[in-house]
There are 2 protein chains.
Amino acid sequence: MSTKKERLDAICGIIRTKAISNQEELLKELEDSGFSVTQATLSRDIKQLKVAKVHDGNGDYVYRLPETSISKQAQPEGKKKPNIEFSGNLAVVKTRPGYAMGIASDIDTHAPNEILATIAGDDTILVIPRNGVSQEKVIAALSHFI
Amino acid sequence: MSTKKERLDAICGIIRTKAISNQEELLKELEDSGFSVTQATLSRDIKQLKVAKVHDGNGDYVYRLPETSISKQAQPEGKKKPNIEFSGNLAVVKTRPGYAMGIASDIDTHAPNEILATIAGDDTILVIPRNGVSQEKVIAALSHFI
DNA sequence: AGTATTGTTGAATAAATATACAATTGAGGG
DNA sequence: CCCTCAATTGTATATTTATTCAACAATACT
């Protein structure tokens, strides 16, 4: 219902995953996500979310969520979607703390055709696909375990 | 010697001890401390110090020192060059034995825009940047923690 | 010495962000 | 239904912050 809540969530998501350096950029990203608002509203949203604009050390600026919001985001409730993201050909899977090793082991034993290897930390699994396996295939293979 | 350095120190001191909500206020405080500058200089100082303007939750704004500056204050280090090396888009950071996990955790919580994930051993951290993040950006993001 | 080169700064201005105000909507309460 | 109250938003504007430009040192180089 509340379009605003959805928008705030979208803003958090965008800020978490992209380097946004001003509200105009954020505005564009929101447009792409289907939200149409003005800069004024954005300013208010940002205030409400306590998002801060910080210096990144290269002369640029980045919006950043406060620690409290980060943790709130990090542990929502029932999650439906496997949290997979790619960097180059590598896939990274985020898990709940302590679960990475176990899940990685499952992946290793059950998806040998698509997955060459996995390396697990505490809440992160690095998945190394075999050459020639598409990202879609990797997602499909991983989604069974997440 | 350098009047500028003294001024930067003064700015840190003021921000640490008082709730400053804009540069004009800071300007006045600096005047009281015997520094006479313009807002333009202040803006540059703030950028250099990486001081951020954050929301305090009561609808007000407060300037805050970054964690990095705080820790730099607490630990005047012996200028050790960060040991970062790239392989493809991946970065590998070497740390002192036993430190990798802790530093990796710091990276995870403080550089979410550039860094997709980290995986740490005992003295090695594998850093996985997000797609499209340059090596320079990665180095800049990591250098705060090393 | 002379000549880059770099760093610092202020004045003016641009850019970015916050807010005053009015309009709109929706939820109760009579 | 009619009224009030609170929440949300856009427009226009005020406020705040960053940057451009020029000037001026200080340093290094020849």
Side-chain angles (χ1 to χ4, degrees), chain A residues 1-16 18-66 69, chain B residues 1-16 18-66 68-69 72 79 113 136-137 140 143:
Chain A
M1 212 76 6
S2 159
T3 308
K4 184 182 177 186
K5 188 185 179 315
E6 291 174 0
R7 190 182 63 234
L8 292 183
D9 284 347
I11 291 172
C12 284
I14 291 167
I15 287 176
R16 210 152 9 96
K18 297 200 170 189
I20 302 294
S21 61
N22 60 38
Q23 295 181 4
E24 205 176 346
E25 270 185 44
L26 184 52
L27 212 54
K28 286 202 199 87
E29 292 287 341
L30 274 179
E31 286 282 354
D32 293 347
S33 304
F35 295 93
S36 174
V37 287
T38 59
Q39 176 267 325
T41 298
L42 220 45
S43 172
R44 291 183 275 246
D45 287 352
I46 282 174
K47 186 172 194 171
Q48 192 169 349
L49 291 170
K50 298 211 190 64
V51 166
K53 191 182 186 179
V54 303
H55 302 266
D56 76 346
N58 293 326
D60 288 336
Y61 299 84
V62 182
Y63 277 100
R64 192 159 288 177
L65 294 170
S69 282
Chain B
M1 167 155 301
S2 156
T3 307
K4 183 181 177 186
K5 188 185 177 316
E6 292 173 1
R7 189 182 64 234
L8 292 183
D9 285 346
I11 291 172
C12 284
I14 291 168
I15 287 176
R16 247 202 315 272
K18 297 198 172 191
I20 302 294
S21 61
N22 59 40
Q23 297 180 4
E24 205 176 347
E25 271 185 44
L26 184 52
L27 210 55
K28 288 202 196 88
E29 293 287 340
L30 274 178
E31 286 283 354
D32 294 348
S33 302
F35 295 92
S36 174
V37 286
T38 58
Q39 176 266 326
T41 298
L42 220 46
S43 172
R44 291 182 275 245
D45 287 353
I46 282 174
K47 186 173 193 170
Q48 193 168 349
L49 291 170
K50 298 209 191 66
V51 168
K53 192 181 186 181
V54 303
H55 302 268
D56 74 347
N58 296 324
D60 287 336
Y61 299 84
V62 182
Y63 277 101
R64 191 159 290 169
L65 294 169
T68 55
S69 281
K72 200 160 72 177
K79 179 84 164 277
N113 294 322
E136 287 72 25
K137 289 268 185 192
S143 61

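Chain identifiers are assigned alphabetically (A, B, ...) following the order of the sequence lines, protein sequences preceding nucleic acid strands; residue numbering begins at 1 within each chain. Heavy atoms only: backbone and side chains are in, while hydrogens, waters and symmetry mates are out.
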Can you check the [X] [atom1] to [N] [atom2] distance for me, whole Å?
X       : N      : atom1 : atom2 : answer
A:Arg44 : D:dA14 : CZ    : P     : 16 Å
A:Asn22 : C:dA15 : CG    : C1'   : 9 Å
B:Lys47 : C:dG7  : NZ    : P     : 15 Å
B:Leu42 : D:dT19 : CG    : C1'   : 15 Å
B:Lys4  : D:dT27 : NZ    : P     : 15 Å
A:Lys50 : C:dA18 : NZ    : C1'   : 17 Å
B:Gln48 : C:dG7  : CD    : P     : 10 Å
A:Leu27 : D:dT11 : CG    : P     : 12 Å

Any side-chain N or O of [X] under 4.0 Å from OP1/OP2 of [N]?
X       : N      : answer
A:Lys53 : C:dA16 : no
A:Tyr61 : D:dT19 : yes
A:Thr41 : D:dG10 : yes
A:Gln39 : D:dA12 : no
B:Tyr63 : D:dT16 : no

State whether the number of non-hydrogen atoms from other residues, nucleotides or ligands found under 6.0 Å of A:Lys18 atom NZ is greater than 12.
no
B:Glu24 atom CD, over 12 foreign heavy atoms within 6.0 Å
no
Please tell me which of B:Ser36 and A:Ser21 maps to the more 5' nucleotide of DNA chain C, matching each residue to the nucleotide holding its nearest heavy atom.
B:Ser36
Please lay out, stage by stage, how B:Lys28 and B:Gln23 fare under the test side chain to side chain donor-acceptor pair (under 3.5 Å).
CA-CA 9 Å; B:Lys28 288 202 196 88; B:Gln23 297 180 4; over 6 Å; no
Using a strict cut-off of less than 4.0 Å between a Lys/Arg side-chain nitrogen and an Asp/Glu carboxylate oxygen, indicate whether A:Lys5 and A:Asp9 qualify as a salt bridge.
yes
Please tell me which of the listed nucleotides, D:dT9, C:dA18, C:dA11, lies nearest to the side chain of A:Arg7?
D:dT9
Counting the atoms with a prime plus P, OP1 and OP2 as sugar-phosphate, which does B:Ser43 contact under 4.0 Å by heavy atoms, base, sugar-phosphate, or nothing?
base
Residue pair B:Tyr63 / B:Val51: nearest heavy atoms and the distance that separates them
CD2-CG1, 3.4 Å
